[in-house]
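Remarks on the structure that follows.
Just so you know, these numbers use all the heavy atoms, side chains as well, and skip hydrogens, waters and symmetry mates. Numbering starts at 1 and runs along the sequence shown.
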Amino acid sequence: MTDLADVRRFYARLMAANAGSADPRLEAAFAAVSREAFLGPGPWTVVAGNGKVETPSADPVHVYQNVLVALDADKGINNGEPFLHAMWIGKVAPKPGETVTHVGAGTGYYTALLAQLVSPDGAVAAFELESSLADRARKNLEAYGNVTVIHGDAVIGSLPPSDIIYVNAGVAAPPAEWLKALKPGARMVFPWRPAERVGLAVMVTRTEQGFACDPFMRSWFIPCIGASAAIPAAKFNRDKAARSRSICLTADKAPDRTAIAVIGDVWFSSQDVGGRRSQ
């Protein structure tokens with residue numbers, strides 16, 4: 001018989017190794033949080049490329065792999081790839097006592113991991129637009145006293161002041177209010193979809209000089225409703241997007257010759273916050 005605890009410990013080691021994080025708490029969090037508790041009853045539908053495969057049984061061992069698991073197949077909403085999230089969480093490096101805003105929480109699995117990492121004194125505000133998923137997340141996260149699940153639109157209005165904003169829906173640009181919600185030294189990671197065929201994960205860090213921007217890997221998420229109107233593909237490509245080094249608010253500074261993309265009230269620059277240009 002397979003020991004589920006052993007499976008979860010091995011899975012957690014894989015996640016930590018893939019993340020390349022020096023924080024041993026990341027592995028401990030992946031080992032502590034039961035993924036199957038956030039997926040609904042099995043068997044589960046696993047998304048593989050353009051196809052779907054049902055697990056052979058409701059044995060949880062099947063979901064402790066780097067697989068997408070469908071949450072709402074009709075809407076294309078999944079519990080995302082653990083390798084990707086391990087890398088993202090490792091990159092934003094949550095610390096005890098920090099405040100996190102999770103945009104697109106789904107049923108709460110990655111919310112729970114973030115909550116573990118900011119415990120004991122930190123807190124997570126989890127936004128989910130789909131009412132059925134928000135209800136499931138609220139039930140799934142009842143044991144986490146430091147999580148508040150909000151059934152609402154994170155694009156409309158302001159977000160709470162945050163040390164980390166963790167976004168799980170593709171945006172053409174982060175709304176200005178998200179950038180304003182970042183505390184000094186805070187980090188935001190989001191899937192950037194400035195054009196139909198361009199998908200990049202971007203890390204933003206608020207510094208004394210402005211918002212530093214690091215497009216660090218390819219990434220594809222479902223669109224974020226209200227913030228996903230893309231630039232025409234003919235005017236933009238991935239190489240151009242990858243040269244972004246900072247994000248500015250148009251209210252603070254008008255776009256200049258370093259502008260790579262101007263989207264709504266924010267713009268992306270090839271110049272870093274220290275004044276150097278990317279090549």
Side-chain angles (χ1 to χ4, degrees), residues 2-73 75-94 100 102-117 126 133 136-137 140-141 164 166-170 189-193 199-203 214-222:
T2 303
D3 187 328
L4 182 59
D6 284 344
V7 170
R8 284 170 55 182
R9 281 192 292 268
F10 180 65
Y11 163 83
R13 287 200 299 273
L14 285 177
M15 296 306 116
N18 190 68
S21 171
D23 186 351
R25 298 179 313 120
L26 183 64
E27 180 177 336
F30 271 98
V33 178
S34 302
R35 190 183 188 193
E36 68 275 16
F38 295 84
L39 302 179
W44 300 277
T45 299
V46 171
V47 180
N50 293 324
K52 296 175 182 176
V53 179
E54 186 171 282
T55 60
S57 71
D59 188 333
V61 298
H62 299 304
V63 298
Y64 286 101
Q65 305 178 61
N66 186 44
V67 291
L68 287 161
V69 180
L71 297 176
D72 188 329
K75 295 180 179 178
I77 300 174
N78 307 309
N79 180 250
E81 289 185 355
F83 270 179
L84 178 146
H85 285 277
M87 290 177 66
W88 284 25
I89 294 171
K91 196 165 182 68
V92 298
V100 179
H102 187 186
V103 178
T107 56
Y109 176 56
Y110 295 109
T111 310
L113 289 163
L114 292 164
Q116 288 272 125
L117 291 165
L133 298 183
R136 289 171 63 182
N140 293 338
L141 293 162
I164 292 171
Y166 193 81
V167 184
N168 290 160
V189 63
F190 68 93
W192 190 26
R193 292 288 303 277
L200 292 168
V202 175
M203 171 87 155
D214 174 22
F216 64 94
M217 66 180 286
R218 295 187 181 189
S219 176
W220 297 94
F221 276 75
I222 63 170

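- In terms of the side-chain hydrogen bond (donor to acceptor under 3.5 Å, both in side chains) criterion, N140 has no residue partners (sequence neighbours excluded).
- Of the possible polar contacts, one joining the N18 side chain to the F83 backbone as a donor-acceptor pair under 3.5 Å is found.
- Counting only heavy atoms from C-beta outward, the side chains of R35 and N79 approach each other to under 4.5 Å.
- Every residue two or more places apart in sequence or in another chain that forms a side-chain contact (heavy atoms from CB on, under 4.5 Å) with F216 is listed here: W88, K91, V189, A201, M203, D214.
- Put simply, the side chain of P56 reaches to within 4.5 Å of the side chain of H62, judged on heavy atoms.
- W192 has its side chain out of reach of S219: every pair of non-hydrogen atoms, C-beta onward, lies at least 4.5 Å apart.
- Across every non-hydrogen atom of M15 and A86, the tightest pair is O-CB, 3.5 Å.
- Residues L39 and L71 are in side-chain contact: their nearest non-hydrogen atoms beyond the backbone lie under 4.5 Å apart.
- Counting heavy atoms from C-beta on, the side chains of P94 and I89 come closer than 4.5 Å.
- Partners of A12 according to the side-chain contact (heavy atoms from CB on, under 4.5 Å) rule, which considers only residues two or more places apart in sequence or in another chain, are E27, F30, A31.
- Listed here is the closest heavy atom pair of G108 and A137: N-CB, 4.1 Å.
- Residues passing the salt bridge (charged side-chain N to carboxylate O under 4.0 Å, His left out) test with R9 are D6, sequence neighbours excluded.
- The side-chain contact (heavy atoms from CB on, under 4.5 Å) search around E81 returns N66, L68, L84, not counting sequence neighbours.
- With rounding to the nearest 0.5 Å, the separation of CG in N78 from CG in N168 is 11.5 Å.
- Residue pairs meeting the salt bridge (charged side-chain N to carboxylate O under 4.0 Å, His left out) criterion with at least one partner in residues 49-65, sequence neighbours excluded, are absent.
- Looking at residues two or more places apart in sequence or on another chain, you find a side-chain contact (heavy atoms from CB on, under 4.5 Å) between A112 and V33, F38, L141, Y144.
- When the salt bridge (charged side-chain N to carboxylate O under 4.0 Å, His left out) test is applied to R25, the partners found at least two apart in sequence or on another chain are D23.
- Within the structure, side-chain hydrogen bond (donor to acceptor under 3.5 Å, both in side chains) pairs that include any residue of residues 36-51 comprise E36-Y64 (at least two apart or interchain).
- For H85, the ring pair (Phe, Tyr, Trp, His ring centres under 6.0 Å) test picks out Y110, Y166, with sequence neighbours left out.
- The minimum heavy-atom distance linking S21 with L26 is given by the pair CB-CD2, 3.8 Å.
- Taking the side-chain hydrogen bond (donor to acceptor under 3.5 Å, both in side chains) definition, one finds that R8 meets it with S34, sequence neighbours left out.
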